[in-house]
Amino acid sequence: MSIAIIYPNRDVSAWVAALHAHDPALAIEVWPEIGAPDQVEYALCWNHPEGVLQEFPNLKCVSSLGAGVNHLLNDRSCPPEVPLVRLVDTGLKQSMAEYVMLGVLEHLRRFAGYRRQQHHAEWLPLPVPPISEVGIGLMGCGEIGRYVAGKLTAFGFPVHGWSRRPQALAGVKVFAGDDQLNAFLARSDVLVCLLPLTTETAGILDATTFSRLPANAYLINAARGAHLVEADLLSALASGHLSGALLDVFRDEPLPKSHPFWKHPRIMITPHIASVTNPRSAALQVVENYRRAVQGERLSNLVDRRQGY
Ligand code: NDP
């Protein structure tokens, strides 16, 4: 009976140590050096090669090593009868809150402009709006979105959210469903995408969405690259309707060297690091879910395959 960690080309020793810190007796195999595939009951996956899960005939659970699961749902070797879980982790939420806060403030306080000015030894104060007048729209008010909303609200931003179903969130008006999307967008001076990638949300950051944002709106996409229609972003920046974008995720990762985003003066790029799982913070829930899977108990952070997240 073992856990397999499938995280190609990565040193997973921190994961092994963190899991053993909670259960020293845990049998852990690291792909591709799996000694006994038929003993593997729990697969922990990130960037796993498609088809690899077929190697394990006795899986009781497949877990994402992050919050997103689209990589697993898209893999036909992920057995449909085996429960799929993901990580819900305070460290992951906090890290995303830092990323979004920094992105919003960096944009509003014009740091990219000052960097350019410094290059030319130019002393020129740039205008700054009061944060109480900058509407932050969070697309996706789930585990991460709600946490980010709390931090931004505490800092003084007017924050509103958008989710599939209505929900009550202290200090934050949450719009729900397609019917309320336009009202949500109309007050989003900064639009932050924290949605899961599903058939419904793929391509949601497109020309229509951008056209419904206020003029000069700023985009932060920290969800998945396929949420964004890249050509539509370039057009919206060229027309001046969008003032800029901070992008952490891309359709092709790593972003190809020839991609026009790299040299765009109003696009800031980070290499999918908005929030990276810290094994020490997340290992306990893995050990706990493994125990539950083996004992046939209800798992936590279960993914609803039909809704795609
Ligand atoms: P959750 O599943 O907890 O929340 C998802 C939210 O999106 C929910 O509020 C849900 O609505 C909403 N949603 C889903 N589909 C729709 C839809 N069609 N229309 C409107 N709202 C919708 O996910 P997390 O908050 O844990 O994570 C969100 C995503 O963030 C992950 O899937 C991942 O892709 C991304 N991520 C990126 C990272 C990075 O480093 N770049 C790191 C971590 C996560 P409802 O509440 O009604 O269900």
Side-chain angles (χ1 to χ4, degrees), residues 1-75 77-99 142-144 147 196 253 271-305 309:
M1 304 306 152
S2 65
I3 291 186
I5 303 177
I6 307 171
Y7 195 172
N9 307 318
R10 288 297 176 112
D11 175 6
V12 295
S13 53
W15 269 107
V16 175
L19 293 169
H20 275 153
H22 292 291
D23 183 353
L26 210 58
I28 303 174
E29 301 244 41
V30 178
W31 189 88
E33 313 294 329
I34 306 279
D38 57 325
Q39 294 291 305
V40 173
E41 292 183 310
Y42 200 97
L44 268 177
C45 306
W46 196 254
N47 287 338
H48 71 286
E50 209 169 314
V52 72
L53 292 167
Q54 275 168 349
E55 294 176 21
F56 311 110
N58 294 315
L59 280 175
K60 290 199 164 69
C61 178
V62 175
S63 172
S64 171
L65 264 177
V69 290
N70 49 295
H71 57 302
L72 288 163
L73 290 172
N74 290 339
D75 179 356
S77 83
C78 187
E81 70 286 359
V82 172
L84 184 57
V85 299
R86 68 194 191 99
L87 298 185
V88 173
D89 175 52
T90 308
L92 208 53
K93 298 179 195 181
Q94 172 64 24
S95 182
M96 184 63 85
E98 291 164 13
Y99 183 88
E143 294 287 347
I144 294 177
Y147 188 90
E253 295 182 4
H272 200 147
I273 48 70
S275 185
V276 178
T277 312
N278 177 342
R280 281 200 305 284
S281 160
L284 179 59
Q285 68 184 278
V286 174
V287 171
E288 182 58 19
N289 251 349
Y290 175 63
R291 186 193 62 73
R292 291 181 192 200
V294 170
Q295 294 179 359
E297 294 175 15
R298 186 177 161 75
L299 299 162
S300 56
N301 306 324
L302 260 176
V303 172
D304 181 335
R305 287 173 185 264
Y309 66 100

- prompt: Can you find a heavy atom in the side chain of Leu65 that is under 4.5 Å from one in the side chain of Trp15?
  reply: yes
message: Looking at Leu87, is its backbone amide N or carbonyl O close enough to the side chain of Gln285 to form a donor-acceptor pair, meaning the two atoms are under 3.5 Å apart?
response: no
message: Does Arg280, at its CZ atom, have more than 12 non-hydrogen atoms belonging to other residues, nucleotides or ligands within less than 6.0 Å?
response: no
task: Would you give the length of the straight line joining atom CG of Leu53 to atom CG of Leu72, rounded to the nearest 0.5 angstrom?
output: 7.0 Å
message: Quick one: does any side-chain atom of Ser275 pair with a main-chain N or O of Ser95 as donor and acceptor, under 3.5 Å?
response: no
message: Rounded at 0.5 Å granularity, tell me how far CG in Leu19 sits from CD1 in Ile28.
response: 4.5 Å
query: So, do Leu44 and Val12 sit near enough that their side-chain heavy atoms are less than 4.5 Å apart?
result: no
message: Under the side-chain hydrogen bond (donor to acceptor under 3.5 Å, both in side chains) definition, can you give me all pairs with a residue in residues 62-72, not counting sequence neighbours?
response: Asn70-Arg224
- prompt: Checking Asp75 side chain against Gly51 main chain: does a donor-acceptor pair fall under 3.5 Å?
  reply: yes
message: Treating Asp38 as the side-chain partner and Asn58 as the backbone partner, does any N or O pair qualify as donor plus acceptor under 3.5 Å?
response: no
field: Residue pair Gly91 / Ser281: nearest heavy atoms and the distance that separates them
entry: N-OG, 3.7 Å
CZ (Arg305) with more than 12 external heavy atoms under 6.0 Å: yes
field: Rounded distance (nearest 0.5 Å) linking atom CG of Asn301 with atom CG of Leu84
entry: 11.0 Å
- prompt: Glu143 and Arg86: side chain to side chain contact (heavy atoms under 4.5 Å, CB included), yes or no, with the steps?
  reply: CA-CA 12 Å; Glu143 294 287 347; Arg86 68 194 191 99; 3.6 Å; yes
field: Closest non-hydrogen atom pair between Ile144 and Met96, with its separation
entry: CG2-CG, 3.5 Å
field: Test ring pair (Phe, Tyr, Trp, His ring centres under 6.0 Å) applied to Tyr42 - qualifying residues, sequence neighbours left out
entry: Tyr290
- prompt: How many angstroms lie between CD in Gln94 and CG in Asn278, if you round to the nearest 0.5 Å?
  reply: 12.0 Å
query: To the nearest 0.5 Å, what is the distance between CG (Leu26) and CZ (Arg291)?
result: 12.5 Å
message: Quick check: do Pro49 and Ile6 have side-chain heavy atoms less than 4.5 Å from each other?
response: yes
message: Would the distance check show the side chain of Arg292 and the main-chain N or O of Arg298 forming a donor-acceptor pair, the cut-off being under 3.5 Å?
response: yes
Lys93 and Val88, any side-chain heavy atoms less than 4.5 Å apart: yes
task: Decide yes or no on side chain to side chain contact (heavy atoms under 4.5 Å, CB included) for Tyr309 and Leu73, but give the supporting numbers first.
output: CA-CA 9 Å; Tyr309 66 100; Leu73 290 172; over 6 Å; no
task: Applying side chain to side chain contact (heavy atoms under 4.5 Å, CB included), run through Cys61 and Asn289 and close with a yes or a no.
output: CA-CA 9 Å; Cys61 178; Asn289 251 349; 5.7 Å; no
task: Looking only at non-hydrogen atoms, find the nearest pair between Val62 and Leu59 and report the distance.
output: CG2-CD1, 3.8 Å
query: What distance separates Glu297 CD from Glu288 CD, expressed to the nearest 0.5 Å?
result: 7.5 Å
Full working for side chain to side chain contact (heavy atoms under 4.5 Å, CB included) between Glu55 and Trp31: CA-CA 11 Å; Glu55 294 176 21; Trp31 189 88; 3.6 Å; yes
task: Please report the closest heavy-atom contact between Ile34 and Ala4, naming both atoms and the distance.
output: CD1-CB, 3.9 Å
Under 3.5 Å: donor-acceptor pair, side chain of Glu29, backbone of Gly35: yes
